[in-house]
Amino acid sequence: MKTIVITGASSGIGKATAKYFANQGWQVAATMRNPAQETELTALKNVKLFQLDVTDSQSIAKAYEAIRMEYRTVDVLLNNAGYALFGPLELSTEDQIRRAYDTLLLGTTLVTRQFIPMLRENGGGSIISLSSVGGVLTLPLTPTYHAAKFAVEGLMEGLSYELYPFNIACKLIEPGGVQTDFWGRSLDMTKGVVDSPYGQNAANYLAQMTVPASENRVQSEMVAQVIYQAATDGKRKWRYTVAAADFIKYRRSMSDEEWIDTMMKNYMGEGQSTNKQ
Ligand SMILES: NC(=O)c1ccc[n+]([C@@H]2O[C@H](COP(=O)([O-])OP(=O)(O)OC[C@H]3O[C@@H](n4cnc5c(N)ncnc54)[C@H](OP(=O)(O)O)[C@@H]3O)[C@@H](O)[C@H]2O)c1
């Protein structure tokens, strides 16, 4: 029986993936910050819960030991836990910025480092990390999210060299909008935007983007299926997009400057240009 370890399995893509792999007959180590609150996954016989906060090294080490005791080796690590900060950097608090990087980047890095031995001793496997369409292209007002997801892309690609000899593949999942709690509890907003010098442009942007973006979200089960494909296809393929291929193609059809100008029209309104400097 194969084994997957998932971070942030209490909701959204993490939970859907835990259920999907369990239904395919895998053993699932579903890790989360508060396992005592979980009721749905506890009903599945090949799913076990472990406490793991990706921002807490002690919790990572403890979860690793418990999972090692339970399963001895692991086939797939899924770095899924996430947090996003929306708003101008100038109005972001240090706590919000640290939380974004600690959860998305440092958490992914430390969890990955911790689980490499179990994958090596397994004779190979995959480290699959949730990036995003936001790890490939940028949108206004989420600079720390893009910074972290671009870095996760670099981490996985850079790591692939040293793990290739051990038959461990490093793969990235790049979803567009997915219908999860991410847009509620995992999305933090900077305070005071409305009355700030950023207020008008932020309002323009939200008016342009929010409705079409929310209408186009796909279900988390679709992402779980693609994660399963990435874990099992045996292909030398690093990046898997989900409901984002057209958006990424559109981005790649233009220069960096043309992309920024296109986005600026949404942010600042028609007739605005970035060619001021
Ligand atoms: N939804 C989208 O449109 C979308 C698009 C592209 C990429 N993604 C990526 O997909 C991943 C999963 O997001 P989602 O959409 O499934 O959102 P979600 O339902 O809000 O899930 C986020 C998960 O991360 C967990 N988490 C947050 N901080 C954590 C920490 N310090 N330690 C451990 N777990 C932590 C949350 O656990 P708690 O229950 O403890 O809060 C929750 O289970 C994220 O990496 C996100 O960037 C999402």
Side-chain angles (χ1 to χ4, degrees), residues 5-20 29-41 49-60 62-63 77-86 95-96 98-112 114 128-139 142 144-153 155-156 172-188 209-210 212-224 226-227 230 239-245 247-248:
V5 177
I6 302 173
T7 65
S10 61
S11 70
I13 295 167
K15 180 175 267 189
T17 306
K19 291 199 270 187
Y20 194 89
T31 77
M32 58 193 72
R33 287 190 285 196
N34 301 301
Q37 288 172 11
E38 176 59 36
T39 51
E40 203 180 348
L41 293 178
L49 306 192
F50 298 86
Q51 198 282 333
L52 195 162
D53 179 337
V54 302
T55 65
D56 176 348
S57 327
Q58 279 187 357
S59 153
I60 297 171
K62 237 175 118 183
L77 166 66
L78 179 68
N79 290 304
N80 164 76
Y83 162 82
L85 178 57
F86 181 88
D95 277 356
Q96 288 175 315
R98 286 192 187 281
R99 188 174 162 201
Y101 294 151
D102 280 356
T103 309
L104 294 170
L105 178 57
L106 197 58
T108 296
T109 310
L110 293 178
V111 171
T112 297
Q114 182 76 70
I128 304 177
S129 294
L130 260 295
S131 174
S132 164
V133 66
V136 182
L137 56 81
T138 57
L139 301 170
T142 38
T144 50
Y145 186 72
H146 292 303
K149 291 296 190 186
F150 272 51
V152 165
E153 295 254 339
L155 175 73
M156 287 294 110
L172 289 152
I173 308 296
E174 295 167 340
V178 188
Q179 196 61 55
T180 66
D181 272 1
F182 197 67
W183 305 96
R185 70 177 164 150
S186 297
L187 180 66
D188 197 2
M209 294 298 284
T210 312
S214 61
E215 280 173 354
N216 290 327
R217 284 176 202 151
V218 299
Q219 299 302 309
S220 46
E221 289 71 24
M222 187 190 268
V223 186
V226 174
I227 292 168
R239 288 178 168 82
Y240 296 73
T241 58
V242 192
F247 202 17
I248 292 173

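First listed ligand is number 1; within each ligand, the first listed atom is number 1.
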Is Glu221 salt-bridged to Lys19, going by a charged N under 4.0 Å from an acidic O? no
For Gln37, state whether at least one heavy atom is located under 4.0 Å from any atom of ligand 1. no
Compute the minimum heavy-atom distance from Arg185 to ligand 1 and say whether it is under 4.0 Å. yes
Checking the side chain of [X] only, and the main-chain atoms of [Y] only, is there a donor and an acceptor separated by less than 3.5 Å?
{"X": "Asp56", "Y": "Ser59", "answer": "yes"}
{"X": "Asp53", "Y": "Arg33", "answer": "no"}
{"X": "Thr31", "Y": "Gln51", "answer": "no"}
{"X": "Thr180", "Y": "Ile13", "answer": "no"}

With nothing but distance in play, are any N or O atoms of [X] less than 3.5 Å from an N or O of ligand 1?
{"X": "Val133", "result": "no"}
{"X": "Val54", "result": "yes"}
{"X": "Pro175", "result": "no"}

Identify the protein heavy atom lying closest to [atom], giving its residue, its atom name and the separation to 0.1 Å.
{"atom": "atom 5 (C) of ligand 1", "value": "Gly176 O, 3.0 Å"}
{"atom": "atom 8 (N) of ligand 1", "value": "Tyr145 OH, 3.8 Å"}
{"atom": "atom 23 (C) of ligand 1", "value": "Gly8 O, 3.9 Å"}
{"atom": "atom 22 (C) of ligand 1", "value": "Ser186 OG, 3.7 Å"}
{"atom": "atom 48 (C) of ligand 1", "value": "Ile13 CD1, 4.0 Å"}
{"atom": "atom 2 (C) of ligand 1", "value": "Val178 N, 3.5 Å"}
{"atom": "atom 36 (C) of ligand 1", "value": "Ser10 OG, 4.0 Å"}
{"atom": "atom 40 (O) of ligand 1", "value": "Arg33 NE, 2.7 Å"}

From the candidates [options], the one that places a heavy atom nearest [atom]:
{"atom": "atom 18 (P) of ligand 1", "options": "Ala63, Ser11, Ala9, Gly177", "answer": "Ser11"}
{"atom": "atom 33 (C) of ligand 1", "options": "Thr17, Thr180, Leu52", "answer": "Leu52"}
{"atom": "atom 30 (C) of ligand 1", "options": "Asp53, Asn34, Thr7, Leu187", "answer": "Asp53"}
{"atom": "atom 12 (C) of ligand 1", "options": "Leu78, Leu130, Asn80", "answer": "Asn80"}
{"atom": "atom 27 (C) of ligand 1", "options": "Ala81, Ala244, Ala16, Gly82", "answer": "Gly82"}

Going by the atom numbers of ligand 1, which of them fall below 4.0 Å from some non-hydrogen atom of Ser131? 7 (C)
Considering only heavy atoms of Thr103, which atoms of ligand 1 have at least one such atom less than 4.0 Å away? 28 (N)
Do the non-hydrogen side-chain atoms of Arg239 and Val136 ever get within less than 4.5 Å of each other? no
Does the side chain of Ile248 reach to within under 4.5 Å of the side chain of Val133, using non-hydrogen atoms? yes
